[in-house]
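Read the structure below first, then the notes.
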Amino acid sequence: MKKLGFGTMRLPLFNSDDPTSIDIEQTKRMVDLFLDRGFTYFDTAYPYHGEKSEEAVKEALVKRYPRESFVLADKMPILRVKKTEDYQMFFDEQIRRCGVDYFDYYLLHNLGRDRYINTEKFGGFPFIEKLKKDGFARNIGFSYHDNAETLDKILTEHPEVDFVQLQINYLDWESQVAQSGACYEVAKKHGKKVMVMEPVKGGTLAKLPDKAMKLFNDYYEKQNFPVPTPASLAVRYAASLDNVKIVLSGMSNIEQLDNNTSYMQNFKPFSEGEKKLVKDITDVLNSTIKVPCTACKYCLEECPKNINIPDYFGLLNLYAVTGKTTGMYYERFSMNHGKASECLKCGKCENICPQHISIRRFLDDFVDLYEKK
Ligand code: SF4
Ligand code: SF4
């Protein structure tokens, strides 16, 4: 199996303010090109696109291709599970939404220390183990956002899982918060294959600040092949790790898909020079990025004031790099959302944030920057 997976959490939209307004015809063209170039892995989840991603997968992929010609991964929304019976209810719904009889890869979605306690309480692991035994899931695992120590504990207590899905990118590799590198080593120690999510860190590694871009351009201009894109560097970094089976990329248009599949078709692993390059770029980024937000939007689901946290944090990071505020963007980003100053300080967003960001504190910084001028 080729190492690039099609993440269906950032599909093309007709209206950027409406995550359910998926452009199915463009999605179909993307699916066609992806399969045509020999890639097979698709990843969806219950909440993506306001719960419309699974149905989009059905329309663009499942209805149009033989089942054995693609590999499909889906995830149990463990956060919404409030009692044991909910597992079966959600799974039945997912099978129906996707229009399939089984999943090739089935995951408990977004496990971490606190969510592990509830998952154990309601029998999440026995449930997916039974799915595998009964032929409804060919491989079972979980996606994970927490520290390496808890991952070690879960994998020790649940050796039955086949794989784990981890956030791995070069910026987070040595980060104390995300612990990409340490988590990767734990998975490897337990003999589990790794699926990678957020290789481009929610787009952060696709648009490098000027100083990092200069390092990037200087390096490739001295090589004998065309200058790649910063995003391709990030995806290849993750794909070059020997225990990695798939690197997911949430592709939003046919151009991105064309680009990703072009360099991953005949995959070229990282060179020693590129390892040094990403280390230098990481040093530059660490000195500029303020909020380690990946724009996963989990916090948005929880916020009673519907505050557009990821986009506001994107503006904070932009300010950290450029020193400029952009009121026009704030107006747009807050159009159908609460303003940062409307935050109730309830903390619900911080309980779910996989990056453990002090959201309330950074929203205060944002208010100082954008609302107290
Ligand atoms: S603390 Fe503020 S931003 Fe976070 S969920 Fe509560 S109201 Fe929303
Ligand atoms: S603040 Fe946290 S939960 Fe919200 S989008 Fe960013 S990384 Fe995701």
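A quick note: this is a predicted structure, and the numbers were derived from the prediction, not measured. Note that ligands are numbered from 1 as they come in the structure, with each ligand's atoms numbered from 1 the same way.
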For ligand 2, does A295 get within less than 4.0 Å through its side chain, its backbone, both, or neither, judged by non-hydrogen atoms?
backbone
Do Q167 and D172 meet the criterion of a side-chain donor-acceptor pair at a distance under 3.5 Å?
yes
Residue, atom and distance of the protein heavy atom nearest atom 7 (S) of ligand 1 read L344 N, 3.3 Å
Which of the atoms of ligand 1 are close to K345, meaning less than 4.0 Å from one of its heavy atoms?
1 (S), 2 (Fe)
Lys/Arg-Asp/Glu bridge criterion (N-O < 4.0 Å) met for R97, E54
yes
May I ask you to say whether D311 pairs ionically with K297, meaning some side-chain N is under 4.0 Å from a carboxylate O?
no
Region of R360 that comes within reach of ligand 1 [heavy atoms, distance under 4.0 Å]
side chain
Trace of the side chain to side chain donor-acceptor pair (under 3.5 Å) decision for H190 with D152
CA-CA 8 Å; H190 285 271; D152 197 23; 2.6 Å; yes
Looking only at protein heavy atoms, identify the closest one to atom 8 (Fe) of ligand 1 and say how far it is in Å.
C303 SG, 2.4 Å
At less than 4.0 angstrom from any non-hydrogen atom of Q355, what atoms of ligand 2 do you find?
7 (S)
Decide whether H158 and E120 meet the rule of one side-chain donor and one side-chain acceptor closer than 3.5 Å.
yes
Salt bridge check: are K52 and D18 linked by an N-O gap of less than 4.0 Å?
no
Counting from 1, what ligand 2 atoms have a heavy atom of K297 closer than 4.0 Å?
5 (S), 8 (Fe)
of all protein heavy atoms, closest to atom 2 (Fe) of ligand 1 is C343 SG, 2.4 Å
Determine, for Y106 and R138, whether the Lys NZ or Arg CZ falls below 6.0 Å from the six-membered ring centre while staying within 45 degrees of the axis.
no
Closest heavy-atom approach to atom 6 (Fe) of ligand 1 among C299, G347, P304, C346 is made by C346
Against heavy atoms of P354, which atoms of ligand 2 measure under 4.0 Å?
3 (S)
So, is C353 placed with an N/O/S atom under 2.8 Å from atom 2 (Fe) of ligand 2, counting both backbone and side chain?
yes
Whether C349 lies under 4.0 Å from ligand 2, heavy atom
no
With heavy atoms of L363 as the reference, note each atom of ligand 1 found under 4.0 Å away.
3 (S)
Looking at atom 1 (S) of ligand 2, what's its closest protein heavy atom, distance included?
I359 CD1, 3.7 Å
F70 ring centre to R64 NZ or CZ under 6.0 Å, with the angle to the axis within 45°?
no
For I309, the ligand 1 atoms whose distance to one of its heavy atoms is below 4.0 Å
3 (S)
Show the atoms of ligand 2 that are less than 4.0 angstrom away from any heavy atom in P310.
5 (S)
Flag this pair as yes if the NZ/CZ of K189 is under 6.0 angstrom from the six-membered ring centre of Y184 and inside a 45 degree cone about the axis; otherwise no.
no
Give the minimum heavy-atom separation between Y102 and R67, together with the two atoms involved.
O-NH2, 2.9 Å
